[in-house]
*Asks:* 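The structure that follows is given in the form of structure tokens.
All of these numbers come straight from a predicted model, not from anything done at the bench. Sequence lines set the chain letters: A, B, ... in the order given, protein chains first and strands last, and positions in each chain run from 1.
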Number of protein chains: 2
Amino acid sequence: MAKGKFDSVSDPVSPLPRYLEIQRDLQARIASGQWVPGSRVPAEHELQAQYHCSRMTVNKALSALAKAGLIIRRRRSGSFVAMPRSQETILNIQDIKAEILAKGKVYRFEILTRQERAMTTDDALQLRVTPGGRVLALSVRHFANEHPFVVEDRLMNLAIVPAAREEPFLVSPPGTWLLDVVPWTNAEHVIQAELADQRIATLLGIPKKSACLAIERRTWQGDATITWVRLTYPGDRHQLTSHFRPGGPLIP
Amino acid sequence: MAKGKFDSVSDPVSPLPRYLEIQRDLQARIASGQWVPGSRVPAEHELQAQYHCSRMTVNKALSALAKAGLIIRRRRSGSFVAMPRSQETILNIQDIKAEILAKGKVYRFEILTRQERAMTTDDALQLRVTPGGRVLALSVRHFANEHPFVVEDRLMNLAIVPAAREEPFLVSPPGTWLLDVVPWTNAEHVIQAELADQRIATLLGIPKKSACLAIERRTWQGDATITWVRLTYPGDRHQLTSHFRPGGPLIP
DNA sequence: CTGATTAATTTGTCTATACATAATAGTCAA
DNA sequence: TTGACTATTATGTATAGACAAATTAATCAG
């Protein structure tokens with residue numbers, strides 16, 4: 001009897017979809033340790049009977065759990081609770097403007113230097129491309145509540161982003177502008193600790209040789225590097241924070 | 001006619017499931033810029049006609065794209081290509097043992113100090129719990145190819161992990177042991193740059209006041225803090241790297 | 001006992017249909 | 001013109017059934 005969704009609903013109000021109910025229920029059993037890693041999850045037809053729903057609904061819940069890495073599924077064998085995963089985390093490296101505004105602080109930036117030039121060997125190395133073409137080199141200082149927040153050194157590949165040549169960066173800083181204008185397909189981050197040199201110390205208003213957090217980012221569009229950027233934060237004032245729960249993106 | 005899956009297959013071999021084919025096709029159109037952000041994605045019944053399949057199959061593809069954040073779906077309005085997202089990244093902070101072994105280096109660790117004690121005020125602060133109960137405080141030094149790699153300072157909440165009291169940590173270091181034994185539901189990371197004090201400098205074999213990368217992690221099981229750990233790496237030798245593509249977990 | 005074949009089981013994918021839900025567009029009366 | 005009601009449309013959820021694919025279990029010939 002292929003009727004509506006409320007065939008088997010005793011509860012008059014159902015705020016949560018059936019498949020999510022099942023998903024969370026199973027997740028709770030795994031998280032609580034009731035189902036230990038390696039143990040077998042009931043087969044779809046068993047759960048179908050338990051939850052009194054169709055196999056597709058159970059399948060949707062189980063597939064989501066599998067995608068989240070909480071269970072491993074194999075044909076004929078069945079589904080099993082996944083082994084504890086290595087400690088991974090999802091880090092949110094936000095756009096600087098958004099980051100400062102999110103903290104409820106006043107945002108401002110200034111372009112320190114701006115130079116359009118033929119790509120040097122160093123530029124090519126940092127962009128990881130074969131030399132040739134032109135780049136736009138920028139230095140930017142970002143302020144939060146008028147306090148120096150981070151220094152940005154950026155190279156933009158004008159072969160990919162020719163529009164940058166004409167852009168004065170009056171409203172949005174280069175990073176935010178790029179995000180709005182150019183679609184990117186790939187990014188790489190490198191996070192490092194290092195000592196402030198004279199320039200950084202002056203720009204950030206911190207003592208020379210104090211600890212800094214440096215984040216380098218390369219952004220690609222297909223095979224072509226769009227931009228390389230290095231963000232230098234005062235180490236004692238800035239920190240990257242992230243929260244994570246296993247099977248994280250499960251509960252939206 | 002509810003027949004098999006090959007009702008409408010002209011291609012004799014179909015290595016990829018239909019819904020993935022559709023998903024990737026749509027994703028390619030978005031990535032290539034053919035469909036610009038904000039533009040409308042054809043409705044399910046249109047795609048159903050285009051790809052000559054059922055609406056459920058199209059729905060599966062579109063739902064996945066929506067979950068990955070590539071499109072936004074609204075009832076009655078339709079589906080739209082999402083606006084460029086803020087630069088987020090997924091960072092892999094691995095288990096130390098796994099991290100070193102992954103680099104093909106020889107792993108070794110030594111317990112520097114070990115103390116079981118009643119929870120001090122500082123301990124409670126760092127574990128973010130109300131004082132009371134006992135903790136196990138550990139200092140560990142990890143080596144990669146016999147070179148000091150990282151110093152670990154850890155507090156373990158014995159109320160949650162009583163088994164740690166009896167554990168000698170001969171085979172696995174505390175972090176790896178915990179991952180194997182205790183299920184966790186939540187974690188928080190804080191990444192900071194700071195200067196090496198005398199102790200860290202000595203333990204890591206680096207000059208005092210050189211830059212260090214400090215990663216602090218709190219791990220919870222429900223509301224209870226399991227452990228707090230601080231990992232101090234030499235800043236010039238260690239770096240966190242991560243790759244990311246928008247709509248990342250799409251292509252498994 | 002071994003190796004190949006066959007059966008059974010479980011997940012993976014797909015279809016066709018049905019009704020729910022949300023939001024827009026249109027209609028009509030005050 | 002405004003506000004309430006109604007129709008329309010697109011997505012969201014759910015069902016029952018079907019066949020595919022993979023892998024384990026059982027069977028049987030040698």
Side-chain angles (χ1 to χ4, degrees), chain A residues 1-24 26 39-82 252, chain B residues 1-24 26 39-82 252:
Chain A
M1 30 83 174
K3 297 287 178 49
K5 77 189 259 200
F6 292 115
D7 274 12
S8 54
V9 169
S10 50
D11 189 5
V13 283
S14 64
L16 222 64
R18 203 92 181 80
Y19 77 94
L20 267 184
E21 248 178 61
I22 298 172
Q23 189 178 314
R24 296 199 181 182
L26 299 179
S39 67
R40 188 190 185 122
V41 176
E44 293 190 353
H45 70 267
E46 294 180 64
L47 293 172
Q48 169 188 352
Q50 274 183 40
Y51 289 102
H52 198 49
C53 65
S54 81
R55 188 169 81 92
M56 278 299 288
T57 305
V58 169
N59 181 280
K60 194 167 181 179
L62 288 176
S63 297
L65 289 174
K67 197 173 175 184
L70 278 182
I71 62 174
I72 307 287
R73 313 195 75 195
R74 269 179 322 197
R75 280 174 174 153
R76 171 66 174 116
S77 307
S79 305
F80 301 88
V81 177
Chain B
M1 33 93 173
K3 298 284 177 50
K5 77 189 259 199
F6 291 116
D7 274 11
S8 53
V9 169
S10 51
D11 189 5
V13 283
S14 65
L16 222 63
R18 205 91 180 79
Y19 76 94
L20 267 184
E21 248 178 62
I22 299 171
Q23 189 178 314
R24 297 200 179 182
L26 299 179
S39 67
R40 189 190 185 120
V41 175
E44 293 190 352
H45 69 267
E46 294 180 65
L47 293 172
Q48 169 187 352
Q50 276 183 39
Y51 290 103
H52 199 52
C53 66
S54 82
R55 189 169 80 89
M56 278 302 288
T57 305
V58 170
N59 182 280
K60 194 166 182 179
L62 288 177
S63 297
L65 289 173
K67 198 173 174 185
L70 279 182
I71 63 174
I72 307 288
R73 314 196 74 194
R74 269 179 321 197
R75 280 171 175 158
R76 172 64 173 118
S77 307
S79 304
F80 301 88
V81 177

*Asks:* Quick check: on DNA chain D, is the nucleotide nearest Q48(A) upstream (toward 5') of the one nearest L62(B), or the reverse? Name the residue that is more 5'.
*Replies:* L62(B)
*Asks:* Rounded to the nearest 0.5 Å, what separates atom OG1 in T57(A) from atom CD in E21(A)?
*Replies:* 11.0 Å
*Asks:* Expressed in angstrom and rounded to an integer, what is the separation of F80(B) atom CZ from dA10(D) atom P?
*Replies:* 11 Å
*Asks:* Write down the distance between CD1 (I71(B)) and P (dA10(D)), rounded to a whole number of angstrom.
*Replies:* 15 Å
*Asks:* What residue among L65(A), V41(A), N59(A) forms side chain to side chain contact (heavy atoms under 4.5 Å, CB included) with R73(A)?
*Replies:* N59(A)
*Asks:* Looking only at N and O atoms, is any donor in the side chain of R18(B) or the base of dG12(C) less than 3.5 Å from an acceptor on the other one?
*Replies:* no
*Asks:* Looking only at side-chain atoms of S54(B), point me to the closest of dA16(D), dA16(C), dA10(D).
*Replies:* dA16(C)
*Asks:* Whole angstroms only, please: what is the CD1-P distance between I72(A) and dT10(C)?
*Replies:* 19 Å
*Asks:* Looking at R55(A) and dT13(C), is any side-chain donor or acceptor paired with a base atom of the opposite kind under 3.5 Å?
*Replies:* yes
*Asks:* For the atom pair CZ (R55(A)) and CG (L62(A)), what is the distance rounded to the nearest 0.5 Å?
*Replies:* 10.0 Å
*Asks:* Side-chain N or O of Y19(A) less than 4.0 angstrom from OP1 or OP2 on dT13(D)?
*Replies:* yes
*Asks:* For the CE atom of M56(B) and the CD atom of Q48(B), what is their distance to the nearest 0.5 Å?
*Replies:* 11.5 Å
*Asks:* Is there side-chain contact between L47(A) and L26(A), with at least one heavy-atom pair below 4.5 Å?
*Replies:* yes
*Asks:* Starting from C1' on dT11(D), measure out to CG on L47(B) and report it in whole angstrom.
*Replies:* 13 Å
*Asks:* Choose from dG12(D), dT13(D), dG12(C) the nucleotide whose nearest atom is closest to any side-chain atom of E44(B).
*Replies:* dG12(D)
*Asks:* It should be established whether T57(B) places a side-chain nitrogen or oxygen under 4.0 Å from OP1 or OP2 of nucleotide dT15(C).
*Replies:* yes
*Asks:* Expressed as a whole number of angstroms, how long is the span from E46(B):CD to dT9(D):C1'?
*Replies:* 12 Å
*Asks:* Do any N or O atoms of the protein come closer than 3.5 Å to N or O atoms of nucleotides 22-24 of chain D, and which pairs are they?
*Replies:*
residue : atom : partner : partner atom : Å
dT23(D) : O2   : R76(A)  : NE           : 3.3
dT24(D) : O2   : R76(A)  : NE           : 3.1
dT24(D) : O2   : R76(A)  : NH2          : 3.2

*Asks:* Please report, rounded to the nearest Å, how far the P atom of dA18(D) is from the CG atom of N59(A).
*Replies:* 18 Å
*Asks:* What pairs with R75(A) under side-chain contact (heavy atoms from CB on, under 4.5 Å), at least two apart in sequence or on another chain?
*Replies:* none
*Asks:* At what distance, to the nearest 0.5 angstrom, does CZ of R18(B) lie from CD of Q23(B)?
*Replies:* 13.5 Å
*Asks:* Between K60(B) (NZ) and dG12(D) (P), how many Å, whole number?
*Replies:* 15 Å
*Asks:* Rounded to whole angstroms, how far apart are CE on M56(A) and C1' on dA14(D)?
*Replies:* 9 Å
